[in-house]
Amino acid sequence: MLPTIGYATHSSTSKLEPFNFWRRDVGPNDVLMEILYCGICHSDIHQARGEWNNSTYPMVPGHEVVGRVTEVGSKVSRFKAGDLVGAGCFVDTCRTCPSCKEGLEQFCEKHVVFSYNCVEMDGKTPTYGGYSNQMVVDENYVLRISPKLDLAGAAPLLCAGITTYSPLKQYNVKPGDKVGVVGLGGLGHMGVKLAAAMGANVTVFSTSSTKQPDAKRLGAKGFVLSTDAAAMKAAANSYSLIIDTVSAPHDLNGYLNALRRDGTLVIVGVPVEPAAIEAFPLIVGRRRLAGSMIGGIRETQEMLDFCAERNITSDVEVIAIQDVETAYERTVKSDVRYRFVIDMKTL
Ligand code: NAP
Ligand code: ZN
Ligand code: ZN
């Protein structure tokens, strides 16, 4: 077993603190990586604080992991020591169900081994995430990171990037399409960059008027202050796709109204409380309400390559791991420009 150090929380109300634990030895199909950077996703906060009622402790969060390979197993063919690699939200699945076979492992019908707050395929060994110095991952669940990309900025691609890329592809966004992004946080700002890179005409819906200049710089053409009822009304019947990344309870009906006929509102944010949906905004214009969850391994690699070709990374604030609690507080207050990333040298 490999002695490993990370930061863990021991209950929904405790602070993250140094934690020693063991990772498995490098098996024939495994890649051992030294973790260089790990992004802080709002899902880390939801789970560390027990907001999804599925938390197990001790919990080492972190699923936006970028590192360097230090060792590979005897059967590993795609990676070698020194390669830059990433790991995202899951590290194993059954590999045989229809979803796994289609490359949609995030919807594995047997068991998705999430990178932390979960158990391995054996049903008992706990998984620990990327707020740590090293990780062992089966090579089939390891992503390749281009050395052309800024590594700290590349870490958030592993969750925020793929979670917004996947619905843009799923709904076939084309140049000129009007796309809305709700919430300018970690996911939202990647949604803006990626949609703009696909040629879409992007509008940000935000509760923070101070983010308007950033929305433009990130590639948005429009900005709607979602607390301004008149501005929301003026946005009606305009968008073919809206991606909602908001982490807290909020009204969805205004965004349904902002869709054109046959348009789709895709929910990716996970507020803890349910939303009330009115029938009229859905039936008028036969609009659609949908969801999306991260992306499969193949699509994640496609997104990473798309970003490498266009030099797209996340706008990050790099922090020392000792400042993780402050970063959580600021994220919850929507005061993140636009992703906190932990520099693992500070561990
Ligand atoms: P984040 O960086 O905190 O961004 C969320 C944004 O939502 C904030 O910046 C803010 O944007 C807006 N917001 C926050 N509170 C709000 C409120 N009360 N009313 C309206 N808007 C509010 O979070 P993130 O890391 O991007 O994650 C966003 C959500 O997606 C989380 O719930 C996370 O768990 C979920 N998630 C889902 C997936 C998936 O696969 N579906 C993957 C990753 C994360 P403005 O200041 O612009 O209003
Ligand atoms: Zn995430
Ligand atoms: Zn499966």
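Quick note: residue numbers are just sequence positions, from 1. The shown structure was predicted, so the numbers you read here are calculated from the model rather than taken from an experiment. Any value given below was found using the heavy atoms of this structure, including those in side chains, with hydrogens, waters and symmetry copies removed.
Under the 3.5 Å distance criterion, the side-chain polar atoms of R339 are left unmatched by any main-chain donor or acceptor of S314. When atom types are taken as modelled, the side chain of E325 and the backbone of L16 share a donor-acceptor pair closer than 3.5 angstrom. Using modelled atom types, one side-chain atom of Q322 and one backbone atom of T346 make a donor-acceptor pair closer than 3.5 Å. Between the side chain of S238 and the backbone N or O of A236, at least one donor-acceptor pair lies under 3.5 Å. S166 contributes no side-chain N or O that, together with a main-chain N or O of I162, makes up a donor-acceptor pair within less than 3.5 Å. Side chain of Q134 to backbone of L32: no donor-acceptor contact under 3.5 angstrom is found. In this structure, the side chain of T127 engages the main chain of F114 through a donor-acceptor pair within 3.5 Å. One N or O on the side chain of Q301 and one on the backbone of R144 form a donor-acceptor pair closer than 3.5 Å. A donor-acceptor contact shorter than 3.5 Å is absent between the side chain of D92 and the backbone of E120. In this structure, N253 contributes its side chain and I277 its backbone to no donor-acceptor pair below 3.5 Å.
Closest approach of I297 and E105 over heavy atoms only: N-OE1, 3.0 Å. In terms of heavy-atom proximity, E64 sits nearest to A160 at OE2-N, 3.1 Å. Shortest non-hydrogen contact noted between V182 and D244 is CB-CA, 3.8 Å. S55 and G50 get closest at one heavy-atom pair: OG-CA, 3.4 Å. Of all heavy-atom pairs spanning P156 and V341, the tightest one is CG-CG2, 3.7 Å. Residues Y255 and S226 come closest through the heavy atom pair OH-CB, 3.1 Å.
Linking ILVMFWY side-chain heavy atoms closer than 4.5 Å, directly or via other members, places F340 and V65 in a single hydrophobic cluster. With hydrophobic clusters built from ILVMFWY side chains whose heavy atoms lie under 4.5 angstrom apart, I267 does not share a cluster with F107. Cluster annotation: V270 and I40 are assigned to distinct hydrophobic clusters (Ile/Leu/Val/Met/Phe/Trp/Tyr, side-chain heavy-atom contacts under 4.5 Å, transitive).
Between the side chains of R24 and T125, no donor N or O sits under 3.5 Å from an acceptor N or O.
H42 and H46 have tilted rings, their planes meeting at an angle from 30° to 60° on a 0 to 90° scale. Using bins of under 30°, 30° to 60° and over 60° for the plane-to-plane angle, the ring pair H63/Y116 lands in the tilted bin.
The CE atom of M33 sits 9.5 Å away from atom OG1 of T70, with the distance rounded to the nearest 0.5 Å. To the nearest 0.5 angstrom, D315 atom CG is 8.5 Å from M190 atom CE.
Around the CZ atom of R298, the shell of radius 6.0 Å holds no more than 12 heavy atoms that belong to other residues, nucleotides or ligands. Under a cut-off of 6.0 angstrom, the local environment of CZ in R330 is crowded, with over 12 non-hydrogen atoms contributed by other residues, nucleotides or ligands.
Considering only heavy atoms from C-beta on, R287 comes within 4.5 Å of N257 through its side chain. Proximity of I319 to I342: side-chain heavy atoms (C-beta onward) are separated by under 4.5 Å at one or more points. Residues E109 and P98 meet the side-chain proximity criterion, which asks for heavy atoms closer than 4.5 Å. The closest side-chain heavy-atom distance from Y37 to D343 is below 4.5 Å. By the 4.5 Å heavy-atom criterion applied to side chains, W52 and S43 are counted as neighbours. Contact of the Y7 side chain with the S132 side chain is not registered, since no non-hydrogen atoms from C-beta on lie closer than 4.5 Å.
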- Let me see the working for K124 and D122 under salt bridge (Lys or Arg N to Asp or Glu O under 4.0 Å), right down to the final yes or no. CA-CA 6 Å; K124 57 181 188 207; D122 66 6; 5.3 Å; no
- Let me see the working for N311 and K148 under side chain to side chain contact (heavy atoms under 4.5 Å, CB included), right down to the final yes or no. CA-CA 8 Å; N311 197 26; K148 285 193 269 181; 5.9 Å; no
- Criterion side chain to side chain contact (heavy atoms under 4.5 Å, CB included) on T300 and M303, from CA distance to verdict: CA-CA 5 Å; T300 304; M303 175 276 310; 4.0 Å; yes
- List the steps and the verdict of side chain to side chain contact (heavy atoms under 4.5 Å, CB included) for C108 and R95. CA-CA 8 Å; C108 175; R95 310 173 194 211; over 6 Å; no
- Might you work through the side chain to side chain contact (heavy atoms under 4.5 Å, CB included) test for C41 and T331, ending with a clear yes or no? CA-CA 9 Å; C41 177; T331 302; over 6 Å; no
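Note that R310 lies in the cation-pi zone of F306, set by a 6.0 Å cut-off to the ring centre and a 45° limit from the axis.
At a threshold of 4.0 Å, the pair K211-D214 does not count as salt-bridged, since none of the basic side-chain nitrogens sits closer than that to a carboxylate oxygen.
Checking each of D177, N201, T203 against Y239 for a side chain to side chain donor-acceptor pair (under 3.5 Å) leaves exactly one that passes, namely T203.
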